[in-house]
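Please read these numbers as outputs of a predicted model, since none were measured by experiment.
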There are 2 protein chains.
Amino acid sequence: MGHAVTIKDIAKILNVSVSTVSRALRDTYDVNQETKKRILSLAAELNYKPNFNATGLAQGSTHNIGVVLPFITNYYFSTVITGIQEVAYDNNYNIILFITNDSSERELSIIQNLSLSRLDGLLVSVSSNSDSCNHFQEIIDEGTPIVFFDRIASNIDTSKVMQGDYKGAFEAVEHLIESGYTKIAHIAGPKGLDFTEKRLNGYLDALKKHGLAAREEWIIFSGFSQEYGETDTYQLLQCEQRPDAIFAVNDRKAIGAIVALKNNGVIIGKEIGVIGFTDDPICTIISPSITTIAEPAFEIGTTSCDLLLKHINKKNFNPQEIILPGKLMVRDSTRRN
Amino acid sequence: MGHAVTIKDIAKILNVSVSTVSRALRDTYDVNQETKKRILSLAAELNYKPNFNATGLAQGSTHNIGVVLPFITNYYFSTVITGIQEVAYDNNYNIILFITNDSSERELSIIQNLSLSRLDGLLVSVSSNSDSCNHFQEIIDEGTPIVFFDRIASNIDTSKVMQGDYKGAFEAVEHLIESGYTKIAHIAGPKGLDFTEKRLNGYLDALKKHGLAAREEWIIFSGFSQEYGETDTYQLLQCEQRPDAIFAVNDRKAIGAIVALKNNGVIIGKEIGVIGFTDDPICTIISPSITTIAEPAFEIGTTSCDLLLKHINKKNFNPQEIILPGKLMVRDSTRRN
DNA sequence: TATATCTATGCAATCGTTGCCGAAACTGTA
DNA sequence: TACAGTTTCGGCAACGATTGCATAGATATA
């Protein structure tokens with residue numbers, strides 16, 4: 001109904017020019033204290049809200065940032081978004097959500113149809129099967145900053161925020177060793193993926209540091225789902241040398257391991273220890289509760305958004321790569337009694 | 001770098017007026033087939049993207065819809081959003097996310113600071129402790145349509161999309177009865193909440209239909225969390241007449257019930273059946289797996305978004321209230337052997 | 001008193017697009 | 001040939017805000 005109040009309305013009522021109103025509102029030019037006060041109070045009274053289409057047009061900035069990610073239906077990503085949203089809200093930015101369903105085609109289509117005029121910057125976690133990242137480079141070249149988080153495009157020169165996969169894995173395995181486990185298996189992610197590698201290396205180096213052997217049959221690469229966790233575990237139970245602990249690349253696979261071990265009557269913790277990665281809330285619900293490395297999802301969101309705002313506000317902000325440490329959460333699945 | 005290509009650039013290159021280009025691009029006015037073809041192909045070649053700030057300004061519409069909800073870190077809401085996003089994407093709308101953290105103050109602050117000029121419409125699920133909904137009415141009065149989903153503001157005359165709480169509860173209890181349980185308890189939500197009432201009524205009516213008694217001591221009102229589910233269940237186990245089945249108002253409380261029953265050595269399914277509501281993925285992970293009523297979260301998202309688009313596009317679209325049915329998912333927690 | 005300086009404000013162009021009005025250029029009809 | 005009717009298109013004024021430039025009036029300086 002009616003129409004939203006504009007600076008013109010205020011100008012007419014107060015019998016001043018629109019430019020005066022604009023300047024008073026933005027507190028940046030010389031405006032008589034008295035008139036400024038009148039303008040501000042009338043604006044408040046009329047509940048004036050700037051039209052962002054107009055400001056966007058005039059000064060080339062909207063207060064929107066785009067968030068592009070594979071899913072939001074899991075603990076990790078939804079928590080990251082909550083972190084992003086927190087910083088964005090505090091800085092008066094809005095977030096526009098783009099979900100790729102982890103499909104590179106969808107991702108490409110989203111990026112290509114993106115109306116950059118609507119966005120001041122972009123926060124992205126690339127879909128797992130997208131190989132080429134030229135489309136991101138083009139956006140950066142056109143002047144819209146991008147910050148990558150979690151699943152990064154490593155060949156693009158911009159800020160990136162990741163969790164400490166290597167260190168987290170190292171710490172996880174070291175925890176197993178310190179708890180007295182010595183025959184430690186790893187059910188890993190798909191080969192070739194960045195963080196599969198990093199977590200694998202953390203695992204290997206922890207073993208090496210403590211003089212433990214890494215047997216090839218104890219390392220299984222497969223998908224990320226619970227089902228893979230189960231089948232991987234059944235395979236481990238067939239090994240000539242049966243392991244006494246399992247480091248899973250993520251919590252879902254750890255859950256699969258738990259299920260498989262239970263099905264085989266193995267007493268978890270006592271006979272075989274299990275540790276995961278992520279700290280999905282399920283870890284505390286399932287029995288036994290699962291020891292895991294908590295990923296700093298919320299902080300990943302806040303840091304990424306902070307960085308992006310810096311890129312937006314300082315033209316030539318130097319790209320940063322930030323690695324946030326995980327945190328060991330000790331629970332029942334690695335308690336020996 | 002450079003600047004995005006505009007309609008003016010195209011006009012200059014082709015030596016036609018901007019209005020002709022605009023018309024050709026929008027395919028709505030009379031433009032010579034030949035020139036239209038030239039314009040379209042040049043636009044494609046130059047990778048022209050309309051500036052939404054400008055179109056928004058000119059015709060008073062952005063292609064943005066706002067989504068206001070309490071959380072996104074749970075299965076239900078993140079799935080709803082995924083549904084919303086799906087429809088929005090297909091119709092070339094973007095979604096801007098506002099998270100209230102389930103706080104009415106935050107909700108109010110968000111709504112009051114909303115720049116309506118940036119939004120064509122709003123999809124909202126109100127925060128649980130917000131009593132007054134005047135702020136929503138004001139937005140509607142100013143001409144921005146709102147569609148409520150899940151947690152609705154019942155006194156506002158606009159479209160609403162909900163799940164079938166009453167029928168779902170009815171069906172859940174009937175399933176228990178058909179499975180041979182006769183002494184059915186209900187661990188409910190907080191008193192006074194809309195869907196606490198509806199699920200309670202479904203429970204009561206199903207009992208009545210089958211000539212079963214509803215004992216007061218078998219109905220416990222408390223919070224929504226797993227912990228409440230546990231304490232409620234301990235309380236039920238103390239009852240003079242011990243129930244042989246529990247209908248939980250949601251899955252989290254059902255999980256609590258499972259935990260409590262396990263702790264007391266009760267064999268779930270055989271001695272006491274448990275049924276939940278939502279179909280959180282945890283239901284299939286936990287053991288025993290939990291029978292539940294699946295809420296149509298994704299469909300709630302798509303339907304709400306569909307409705308909102310109708311409100312946006314037809315000025316006086318008649319508000320509709322849509323109730324989407326849940327679906328019984330039978331699992332181990334209600335199998336008697 | 002005349003001139004320089006400053007403060008406070010207005011004017012008008014601009015951002016990219018839409019949409020109304022009307023003018024050529026062309027077609028068809030009498 | 002004259003006139004009406006179509007097509008096709010250009011001009012121009014919005015939309016709401018920002019901003020460089022100009023200027024009126026007040027004040028200070030000589």
Side-chain angles (χ1 to χ4, degrees), chain A residues 2-40 42-43 46-64 92 114-120 142-144, chain B residues 2-40 42-43 46-64 92 115-120 142-143:
Chain A
H3 79 133
V5 8
T6 72
I7 60 173
K8 287 186 190 172
D9 300 326
I10 297 181
K12 198 179 296 168
I13 295 176
L14 257 29
N15 204 28
V16 294
S17 74
V18 290
S19 21
T20 304
V21 177
S22 170
R23 286 189 276 249
L25 252 20
R26 272 168 318 122
D27 203 26
T28 147
Y29 281 79
D30 295 332
V31 177
N32 183 287
Q33 284 303 319
E34 181 55 33
T35 46
K36 181 195 276 189
K37 205 176 290 174
R38 282 163 55 220
I39 291 172
L40 290 184
L42 182 61
L46 296 182
N47 194 23
Y48 165 79
K49 307 268 179 56
N51 181 313
F52 284 89
N53 285 317
T55 57
L57 230 205
Q59 55 182 16
S61 109
T62 68
H63 259 201
N64 290 150
N92 253 296
L114 218 52
S115 170
L116 262 16
S117 54
R118 189 198 297 253
L119 257 26
D120 286 359
E142 284 178 26
T144 303
Chain B
H3 79 131
V5 9
T6 72
I7 230 176
K8 286 186 190 171
D9 301 325
I10 298 181
K12 199 178 297 170
I13 294 177
L14 257 30
N15 203 27
V16 294
S17 75
V18 290
S19 19
T20 303
V21 178
S22 171
R23 284 186 284 247
L25 253 19
R26 275 170 308 129
D27 200 30
T28 146
Y29 281 80
D30 296 330
V31 179
N32 183 288
Q33 284 302 319
E34 181 54 34
T35 47
K36 181 196 277 189
K37 207 177 289 173
R38 283 163 54 221
I39 290 173
L40 289 184
L42 182 62
L46 297 181
N47 194 21
Y48 165 80
K49 307 267 179 57
N51 181 312
F52 284 92
N53 286 317
T55 57
L57 228 206
Q59 55 181 17
S61 106
T62 69
H63 258 202
N64 290 149
N92 253 295
S115 169
L116 263 16
S117 55
R118 189 198 297 252
L119 258 26
D120 285 0
E142 283 178 25

Q: Report yes if the side chains of B/L42 and B/I13 come closer than 4.5 Å at any heavy-atom pair, otherwise no.
A: yes
Q | Earlier contact from the 5' end, DNA chain D, for B/V18 and B/Q59 | A | B/V18
Q.
Which heavy atom of A/A24 sits nearest to which heavy atom of A/I39, and what is that distance?
A. CB-CD1, 3.6 Å
Q) Is the shortest heavy-atom distance from the side chain of A/Y48 to the side chain of A/I7 under 4.5 Å? A) yes
Q: Calculate the interatomic distance between A/N32 atom CG and C/dT7 atom P; express it in whole Å.
A: 12 Å
Q) What's the NZ-C1' distance between B/K37 and D/dT8, to the nearest Å? A) 16 Å
(Q) Side chain of B/A58, heavy atoms from C-beta onward: which of C/dC15, D/dT19, C/dT18 has the nearest atom to it? (A) C/dT18
Q) D/dC9 phosphate, OP1 or OP2: any side-chain N/O from B/S17 under 4.0 angstrom? A) no
Q: Taking only the side-chain nitrogens and oxygens of B/R23, find out if one of them lies under 4.0 Å from OP1 or OP2 of D/dG10.
A: no
Q) Nearest-Å distance, CG (B/N53) to P (D/dT18)? A) 13 Å
Q) How far apart are the closest heavy atoms of B/L46 and B/V5, and which atoms are they? A) O-CG1, 3.2 Å
Q | Rounded interatomic separation in angstrom, taking CD from B/Q33 and P from D/dT6 | A | 19 Å
Q. Okay, side chain of B/N64, backbone of B/L119: is any donor-acceptor separation there less than 3.5 Å?
A. no
Q. Under 4.0 angstrom, heavy atoms only, what part of the nucleic acid is B/F52 near: base, sugar-phosphate, or nothing?
A. nothing
Q: Give a yes/no on whether any side-chain N or O of B/T55 is located under 4.0 angstrom from OP1 or OP2 of C/dT18.
A: no
Q | Residue B/T6, side-chain atoms from C-beta onward, closest of D/dG10, C/dG16, D/dA17 | A | C/dG16
Q: Answer with yes or no whether A/S19 presents, from its side chain, a donor or acceptor under 3.5 Å of a partner atom in the base of C/dC11.
A: yes
Q: In whole angstrom, give the distance that lies between atom NE2 of B/H63 and atom P of C/dT18.
A: 11 Å
Q: Select one nucleotide: of D/dT19, D/dG10, D/dA17, the one nearest the side-chain heavy atoms of A/I7.
A: D/dA17
Q: Send over the distance from B/L57 CG to D/dT18 P, rounded to a whole Å.
A: 12 Å
(Q) Can you tell me which nucleotide in D/dG10, C/dT17, C/dT18 comes closest to the side chain of B/T20? (A) D/dG10
Q. Counting just side-chain N and O atoms, does A/K49 come under 4.0 Å of either OP1 or OP2 of D/dG16?
A. no
Q. How long is the line joining NZ of B/K8 and P of C/dA13, in whole Å?
A. 13 Å
Q: Grab the CG-C1' distance between B/L14 and D/dT8 for me, whole Å please.
A: 15 Å
Q: Return no unless some side-chain N or O of A/T35 is found under 4.0 Å from OP1 or OP2 of C/dT9.
A: yes
